[in-house]
Protein chains: 2
Amino acid sequence: MPRVSTDQLAARRQQILNGARTCFARYGYEGATVRRLEQTTGLSRGAIFHYFRDKEALFLALAEQDARRMADVVAEQGLVQVMRELLVSGTDGETGPAAEDRSWLGTRLEVSRRLRTDPEFRDRWRAHSAALTTATRNRLERQAAAGALRDDVPVPVLAQYLELVLEGLVSHLAMGLPADELDGVLDLVEHAVRRP
Amino acid sequence: MPRVSTDQLAARRQQILNGARTCFARYGYEGATVRRLEQTTGLSRGAIFHYFRDKEALFLALAEQDARRMADVVAEQGLVQVMRELLVSGTDGETGPAAEDRSWLGTRLEVSRRLRTDPEFRDRWRAHSAALTTATRNRLERQAAAGALRDDVPVPVLAQYLELVLEGLVSHLAMGLPADELDGVLDLVEHAVRRP
């Protein structure tokens, strides 16, 4: 077996994650069979399960990566900006990064479903979702300190509000429902947390 | 075979729907096997499929009934009130009507998932979801005419906003996430659509 560099290992791992994301989004968790994972990753089952113990581990790694990326954007630009980007990607054409973002939507919905039906998964997921909540609260605290937010509603309520809207947006886009009014909706959401 | 009245037929049909709601919520659509449907409805497969052609028809009838009930509450009390009731039921104990409402949450999530993965289902569902949207818009139009709503945002945007928050709330509660701040969040949502 040829020796491979750390970079090559990381690239291969990412190749598997990208293919798996498409697969889970298209077929759902149960429908993402090993054969389909082979097709969407372009790799053999041997290669895939060399990097991830089983389908569960692969799915969790994927969900974790998505949650981390999202927390990064929130820390820099805020949760409303995450939603605005989701909106653009959710209504774009079928190719390019937009299509990949849409499959991220599918992952989110699968996470929602498994959280409901699988208590073990719920425990393992809690740490990931906490990262997003923390990023959101920290950013809001900074904005509050700078006097940019309304001060008649506690920051934890504002944070929860934004997360709830995000959750609704994810569902809405993932279901392929019309997005005509959503720009206006996000303006409304943004104004609702700001100082009047 | 004894003759049964129309009332008895309707009662039996409702018994099946109630048991099926619990079953779909607990096991998901795929996991709701015929055997499990027999257990949760307390009826034989023969009886169940006398009333509903197949599992698909049963699920659609259930989703339709839920959507209709919800549209009725919206028409009378508005979408924020629907959310407030959801909140109470989502955080109550394990028995009674509250537990039944929570299984309604599960049905909603299953609908979301099937909308994403099943284009035929999406077409059939469109009519039901339109009923809720129409009820929401009509109520908002009446409130706008009475001068109760903010007038700087078009009514369709306000309607979409409320539906998005509802979708987020359903996901949130169905995932069993903490509900501590949600009363405050709904106050914020309600104020965001009203005349200041």
Heavy-atom pairs under 4.5 Å with chain B are the metric here; pick the option from A:Asp183, A:Leu164, A:Val157, A:Leu182 that has the most. A:Leu164
Select all residues of residues 184-196 of chain B having any heavy atom within less than 4.5 Å of some heavy atom of chain A, and report them by number, or 'none'. B:Gly184, B:Val185, B:Leu188, B:Val189, B:Ala192
Over-ring placement of A:Arg36 relative to A:Tyr27, 6.0 Å and 45° cut-offs: yes
Verify the neighbour count for atom CZ of B:Arg53: are there more than 12 heavy atoms of other residues, nucleotides or ligands below 6.0 Å? no
Using 4.0 Å as the upper bound for N to carboxylate O, is an ion pair formed by B:Glu141 and B:Arg137? no
Side chains of A:Thr133 and A:Glu163, donor plus acceptor under 3.5 Å: yes
Is it true that the side chains of B:Glu76 and B:Gln81 contain a donor and an acceptor less than 3.5 Å apart? no
Does the side chain to side chain contact (heavy atoms under 4.5 Å, CB included) test come out yes or no for A:Leu58 and A:Leu17, once each step is laid out? CA-CA 7 Å; A:Leu58 176 54; A:Leu17 286 171; 4.0 Å; yes
